[in-house]
Number of protein chains: 4
Amino acid sequence: MAKNKKQDILDASAELFASQGFDNTTTLMIAKEARVTEPLLYYHFKGKEDIFSKIIHDVFKEYAQAIEDLPKNTDTEFEKLANLIRFHMHIAEKRPREARLLLANCPLKLLQRNHACKEIMESQHEIVQGYIQQCLEAGNAKGEFDAQPVDHMAIILFSLVNEILRRKTFCKDDPWPDEDAVIDFCKRALIRL
Amino acid sequence: MAKNKKQDILDASAELFASQGFDNTTTLMIAKEARVTEPLLYYHFKGKEDIFSKIIHDVFKEYAQAIEDLPKNTDTEFEKLANLIRFHMHIAEKRPREARLLLANCPLKLLQRNHACKEIMESQHEIVQGYIQQCLEAGNAKGEFDAQPVDHMAIILFSLVNEILRRKTFCKDDPWPDEDAVIDFCKRALIRL
Amino acid sequence: MAKNKKQDILDASAELFASQGFDNTTTLMIAKEARVTEPLLYYHFKGKEDIFSKIIHDVFKEYAQAIEDLPKNTDTEFEKLANLIRFHMHIAEKRPREARLLLANCPLKLLQRNHACKEIMESQHEIVQGYIQQCLEAGNAKGEFDAQPVDHMAIILFSLVNEILRRKTFCKDDPWPDEDAVIDFCKRALIRL
Amino acid sequence: MAKNKKQDILDASAELFASQGFDNTTTLMIAKEARVTEPLLYYHFKGKEDIFSKIIHDVFKEYAQAIEDLPKNTDTEFEKLANLIRFHMHIAEKRPREARLLLANCPLKLLQRNHACKEIMESQHEIVQGYIQQCLEAGNAKGEFDAQPVDHMAIILFSLVNEILRRKTFCKDDPWPDEDAVIDFCKRALIRL
DNA sequence: CATGAATGAGTATTCATTCAT
DNA sequence: AATGAATGAATACTCATTCAT
């Protein structure tokens, strides 16, 4: 569609990787979907794997930015956690392709040593876990939570957030509690009355 | 090892699927790993996909049985939930190959309509969610919990259990809270003092 | 069906060779069709090619015998030729499987040097051509025909007979003149008034 | 030979299909014979069967054109029939490869429903039979023949023409009457003095 | 006579990638 | 920037045949 064929290739690849998986997508499929010839893929990228790397980097960049953009000034620290949870529940609906792309392909890619996926997963880990940890520490300091130990709690919350995204992506038909139920669950665990 | 070459094939395949993924494992690799010739794969199985199906069915059968075998008589309902969490944390250590096999390959397989993986995932869903739901309902009845609504809580706990398995499988090096921290997190959410 | 499994194998093979061709019929198909295991084929025969040879020999033996059994005493020599034509027109209806078996597979087999088919085709040639030639010579001697030269006429008549069989076998749906038209055509060519 | 590798593939395939049969010709053989790599076969054609289809279509197109090109203005209608017979006797000598290709492979292909061979055989049927039928009708009208019934006669003559081609192709060593004998045979059947 | 298990050699086809232009 | 032609290396799968029992 766009005049930029390089972007067409990235779009077509993302669509195909997301709907069929990396290994089941051939360069010919990509070329056809992008209305381009195969050699052009190699003019713009080093190869199929390179296209995949570019895509997940782009996707992750946007994701990291969105987390960065979450409101910094909130009445309570818990509100920040609630925002994080809400954000992840929304992604699955707003960016289903990107969610599928990462969640379906990365587990396999992680089996390969030194894959680009690994560093991205680690970055996500750092960013999200850092976000949570800051909230917890600030909340503890304020007496809002009595979340102890912070690091363990952070991992548990991070896991929950991740799994939310996964379920909403792959089990679309299954019932899933609305945001409030999830947020309430966490609130109960963090805030003892 | 065993005299039974059919089992050798299943073992070799499981190992390779778990360590490299289904698509990156060739029938020749399987044959070599199993110290067998390629045509024998086709004598015992319909094809590569059939081998995969047999393996995940076997793995799931054992998993379902293990859940069935969890102690039925416990002092508290929460103890049952704690057992479920402990069981999943142990699997990743006792059966790392099987955990990797399923968690790495199934997301991709789920993209294909009508794949055997889908029904297995649904069975797991039913079994584990059923287990949790029973605990919650019994616990609510006894006044042990005030978990409301039951179905939402069950899904959240199920998600947590799943993600525990995933993280322990793929992020072995990352720190992970010991059992007690996870169990405590849930206890705080379920049991208000 | 029969207790004789060797015959079952021959029957099953004939059926499959006739309906799918030699190369498209696998030994496994034969075994299944004959309700027998593959190694038994090799107990009774040297191999797939050997089964084929046995079948075409049997078929040809019966064919040669039938020609031998055509009535020897007829009012006219032409009646003998008419009988030969009628006999071939009937085969396609009475023995469609055997006709298909030979006519579909032999052309290809003839491409291979020294194939059993070759000698059989030559035998058929000799027998039928001999039959025709005798009729023509006797008819010429009696003044019934003025068929000259005999050998050329014999080949032409033989060709016509062969093609009749072929068309009735492969072009079942196409219209085909009844016996009388063919016989009449030959009569006109042989018997000048 | 030619710079056009696509044509090289067709030539090599035709040669091999004609001398060994479709099923006994592997794609590797074709590639080697055409001095080309195997994947190129799949770049230019959909597969082995597609190569075969292209060849028989080409062969048939040329055949149909040659029949179309037979002289339209002849002194007698019989001369037209004689030309048809002569034409077929010449094909076997001028185009032995193409004759073998079709006559050896098509009977088998006809066993498969909906094969390209079927429609080609039917086209040939229509063309040749139409040609003969026109001659007979015109000849009858002029009083040149008393060929009755026309359609039956046409089929018989068509059969004869077909079998001539077959025998000259497969039984090269066998004696075969010269053109004049065949033509004379037909003349006697058609033209009563 | 009969078979379950096993295999050497192949068989059509695919795929990521490159080259010449 | 773009492509038609071409390929090395697989890749899942098949087949006639044999062996041990």
Side-chain angles (χ1 to χ4, degrees), chain A residues 3-6 8-9 22-31 34-52, chain B residues 3-6 8-9 22-31 34-52, chain C residues 3-6 8-9 22-31 34-52, chain D residues 3-6 8-9 22-31 34-52:
Chain A
K3 258 201 164 175
N4 188 346
K5 296 205 180 183
K6 185 170 179 179
D8 287 352
I9 292 170
F22 179 84
D23 289 313
N24 296 315
T25 299
T26 71
T27 49
L28 184 59
M29 288 173 187
I30 296 173
R35 296 172 178 281
V36 146
T37 58
E38 272 183 291
L40 195 63
L41 306 185
Y42 293 87
Y43 177 80
H44 287 299
F45 304 94
K46 279 186 205 156
K48 195 177 144 185
E49 188 70 47
D50 187 40
I51 297 177
F52 182 77
Chain B
K3 253 198 161 177
N4 189 344
K5 295 204 183 182
K6 185 171 180 180
D8 288 352
I9 292 170
F22 180 84
D23 289 314
N24 295 314
T25 299
T26 70
T27 49
L28 185 59
M29 286 173 186
I30 296 173
R35 296 175 178 281
V36 145
T37 56
E38 262 185 295
L40 195 63
L41 307 185
Y42 295 88
Y43 177 75
H44 287 300
F45 304 96
K46 279 183 203 157
K48 196 176 141 183
E49 189 71 46
D50 186 41
I51 297 178
F52 183 77
Chain C
K3 258 201 163 175
N4 189 345
K5 296 204 179 181
K6 185 171 180 179
D8 287 352
I9 293 170
F22 180 83
D23 288 313
N24 296 314
T25 300
T26 71
T27 48
L28 185 59
M29 288 172 187
I30 296 173
R35 296 173 179 279
V36 145
T37 57
E38 271 184 291
L40 196 64
L41 306 184
Y42 292 87
Y43 178 79
H44 287 299
F45 304 95
K46 279 185 205 158
K48 195 176 143 185
E49 188 71 49
D50 186 41
I51 297 177
F52 183 76
Chain D
K3 252 197 161 177
N4 189 345
K5 296 205 183 183
K6 185 171 180 179
D8 288 353
I9 292 169
F22 180 83
D23 289 314
N24 296 313
T25 299
T26 70
T27 49
L28 185 59
M29 286 173 187
I30 296 173
R35 294 173 179 283
V36 145
T37 56
E38 265 185 294
L40 194 63
L41 306 185
Y42 294 88
Y43 176 75
H44 287 300
F45 304 95
K46 278 184 204 157
K48 197 177 141 183
E49 189 71 46
D50 186 41
I51 296 178
F52 183 77

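What you see is a predicted model; the values in this text were computed from it and never measured. Numbers restart at 1 for each chain; the letters A, B, ... are given by sequence-line order, proteins then strands.
For B:I30 and E:dA6, the CD1 to P distance is 16 Å, given to the nearest whole Å. Per the geometry, NZ belonging to A:K6 stands 12 Å off P belonging to F:dA2, to the nearest Å. F:dA6 atom P lies 15 Å from atom CZ of D:R35, rounded to whole Å. Straight-line distance from the CG atom of C:L40 to the C1' atom of E:dA2: 6 Å, rounded to whole Å. Distance, B:D8 CG to E:dA5 P: 14 Å, rounded to whole Å. In this entry the distance linking CE of B:M29 with C1' of F:dC13 reads 17 Å, nearest Å. In this entry the distance linking CD1 of B:I9 with C1' of E:dT7 reads 12 Å, nearest Å.
For the atom pair A:L41 CG and A:K48 NZ, the distance stands at 11.0 Å (nearest 0.5 Å). Interatomic distance, CD1 of C:I30 versus OG1 of C:T25, reported as 6.5 Å (0.5 Å rounding). To the nearest 0.5 angstrom, B:L40 atom CG is 15.0 Å from B:R35 atom CZ.
Under the Watson-Crick and G-U wobble criteria, each requiring two contacts below 3.5 Å, nucleotide F:dA16 is paired to E:dT7. Of all nucleotides present, only F:dA2 satisfies the Watson-Crick or G-U wobble test against E:dT21, with each distance under 3.5 Å.
Where D:T37 and A:Y43 meet DNA chain F, the nucleotide closest to each residue was compared, and A:Y43 sits on the side nearer the 5' end.
With E:dC1, F:dT3, F:dA6 as the choices, the nucleotide that has an atom nearest any side-chain atom of A:K5 turns out to be F:dT3.
Figure legend: C:K6 and C:Y43 shown without cation-pi pairing, the cationic atom not lying both under 6.0 angstrom from the six-membered ring centre and within 45 degrees of its axis.
F:dT21 and E:dC1: their C1' atoms are spaced 13 Å apart (whole Å).
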Letter per nucleotide, 5' to 3', of nucleotides 16-21 of chain E [B base touched, S only sugar-phosphate touched, - untouched; heavy atoms, 4.0 Å]: BBBB--

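Closest heavy-atom contact between A:H44 and A:I9: CD2-CD1, 4.1 Å. The shortest non-hydrogen separation linking A:T27 to A:E38 is OG1-OE2, 2.7 Å.
For B:H44 and E:dA6, the shortest distance from a side-chain N or O to OP1 or OP2 is below 4.0 Å.
Between C:F22 and D:D23, every side-chain heavy-atom pair lies at or beyond the 4.5 Å cut-off.
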